[in-house]
Amino acid sequence: MSIADHRDRAKPLPTAAVARALARAARAATIALAALAAAPAFAWSNHALSTRPALEAMPELARLAPVKVETLEAFLAAEAPRLEKLLDEQERWAREHVPAYPPRPDALRFVAAGAVDAAELRRRFVAAVRISPDARLSLFLQRQPGEAPDGRAPMAASDVTALPRDDAVDAVKFVALRTGEPVPPLAVLATASDEPDYGLDLGLWEDNGTAQGRAYGFGKQPFGNPALDFGTQAPFHMGFFHESRIIYAAAGFLKRTYPEYRIHLWKTLAQHALRTGHEYWGWRFAGWAMHYLQDLTQPYHARVLPGVGTIRMLWINALHMAGWPKARNEAVTLVSNRHLAFENFQRTAMLTAYRERGAGERGGAAGLIGALRGAGGGADPGYADDGPRAVVSRRAADAADALDHTIAASLPARYVSDPSFEFGASAHGVDLNALLSRDDPAGRDALMQALAPRMADYGAYTRALVRSLLAGR
Ligand SMILES: [Zn+2]
């Protein structure tokens with residue numbers, strides 16, 4: 001709880017009427033600002049595309065022997081008594097270190113004894129780590145674009161992800177893994193780094209109309225539309241840690257974002273699995289942990305309204321409360337459009353980079369792969385538990401305004417400066433990298449230059465996490 005919260009509580013209010021008026025105003029402000037934060041759910045589209053080059057720059061990972069594929073149930077059966085203790089410790093850590101953490105209800109505590117079968121053990125684990133029971137958790141790999149067939153059976157997207165199809169998922173190919181087969185750690189990590197976007201965090205809030213939402217104790221969804229499927233995962237994949245104090249005072253719910261909880265939970269499980277000979281799950285949990293860390297390098301996941309100053313935010317909020325919602329609605333649409341357009345550009349540029357691979361990493365799209373690999377020079381940072389908040393999201397938040405400006409200046413106005421256009425609904429199949437390369441190479445280069453430092457952070461912090469796991473084995 002912040003100092004401001006204490007002050008608000010301690011100060012007696014003059015009369016009941018004033019108290020009611022203030023409560024009404026606070027509610028209105030909360031509702032208006034909640035809509036401000038109604039950003040789309042995904043950050044970087046397809047994390048695997050970027051994780052792979054980031055980790056290829058680590059010889060210590062490439063040297064590791066392939067790991068043996070194991071079902072989640074087999075891992076749980078072997079480790080259940082130890083996981084009981086581990087998850088208790090993790091819960092203690094989260095309660096102590098994650099601000100505004102919603103404690104896991106004691107009824108969900110992971111208990112090994114008395115589980116009659118593997119399905120029951122899995123059910124208990126899913127509840128204890130509070131992920132969606134619809135998460136597939138199947139054994140699979142994501143193929144790289146252009147990768148030659150390797151004899152593994154193709155797998156339908158619906159066996160891998162609980163989310164509906166979209167452009168990004170449609171473009172991805174999955175293959176099935178068999179229990180016991182050997183697979184390189186890097187392939188497991190890259191594949192798993194995309195998995196938290198496949199439905200792990202869907203419908204977890206009390207007002208999502210799901211059984212898990214009612215049981216998990218996360219409270220009401222802090223922002224976004226609770227009826228919109230994949231919007232429900234957003235507060236786990238964003239970290240609004242660096243807004244101005246007055247914004248938190250008007251909208252305390254913005255403090256309720258939980259990537260730190262997820263990162264530490266999956267990292268703790270990864271460490272345990274690696275130490276106890278369950279390397280496949282070790283690297284798979286590690287991939288889950290890195291997903292949320294990578295999301296925090298996305299400026300639109302680290303700031304509520306990039307490009308909109310505090311005074312203007314409060315002003316459009318005041319207008320909305322006074323009955324003029326237009327400025328608020330336009331600001332939300334523009335930020336959402338820029339967010340989506342930026343991710344479209346990043347995804348299509350990465351796909352182009354993969355196509356051009358081997359043609360030399362000279363710049364343009366291929367320069368992104370260099371940035372992910374750390375070609376810009378300098379040593380990678382270390383990893384610390386407070387890093388996601390103190391460093392990673394801070395760097396993204398600091399870059400947000402300039403990035404927003406570059407996006408507005410470089411992409412066609414229709415996509416990023418027209419509040420009557422909705423990118424998410426109307427821009428299916430658009431390839432912004434190809435479009436700019438054809439019509440405005442200077443605009444493409446400006447965007448590429450703004451994207452490269454974010455990809456450099458993505459790569460550096462991804463490696464930092466893996467290095468800390470390798471050191472702790
Ligand atoms: Zn995400």
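Only a predicted model underlies this, so the values are computations on that prediction, with no experimental measurement involved. As the structure lists them, so they are numbered: ligands from 1, and atoms in each ligand from 1.
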Should R303 and D404 count as an ion pair when the cut-off is N to O under 4.0 Å?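 D404 and R303: not salt-bridged.
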Salt-bridged, K68 to E279, with N to O below 4.0 Å? no
Of all N/O/S atoms in [X], the name of the one nearest the Zn ion (ligand 1):
X	result
H237	ND1
D197	OD1
D295	OD2
H291	NE2

Set of ring-ring contact (aromatic ring centres under 6.0 Å, His included) partners for Y101, sequence neighbours left out: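 In terms of ring-ring contact (aromatic ring centres under 6.0 Å, His included), with neighbours along the sequence ignored, Y101 is linked to Y261.
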Given S420 and D418, is the side chain to side chain donor-acceptor pair (under 3.5 Å) satisfied, shown in steps? CA-CA 5 Å; S420 69; D418 175 2; 2.7 Å; yes
List the residues meeting salt bridge (Lys or Arg N to Asp or Glu O under 4.0 Å) with R245, not counting sequence neighbours, and say none if there are none. none
Check whether any N, O or S atom of H301 sits under 2.8 Å from the Zn ion (ligand 1). no
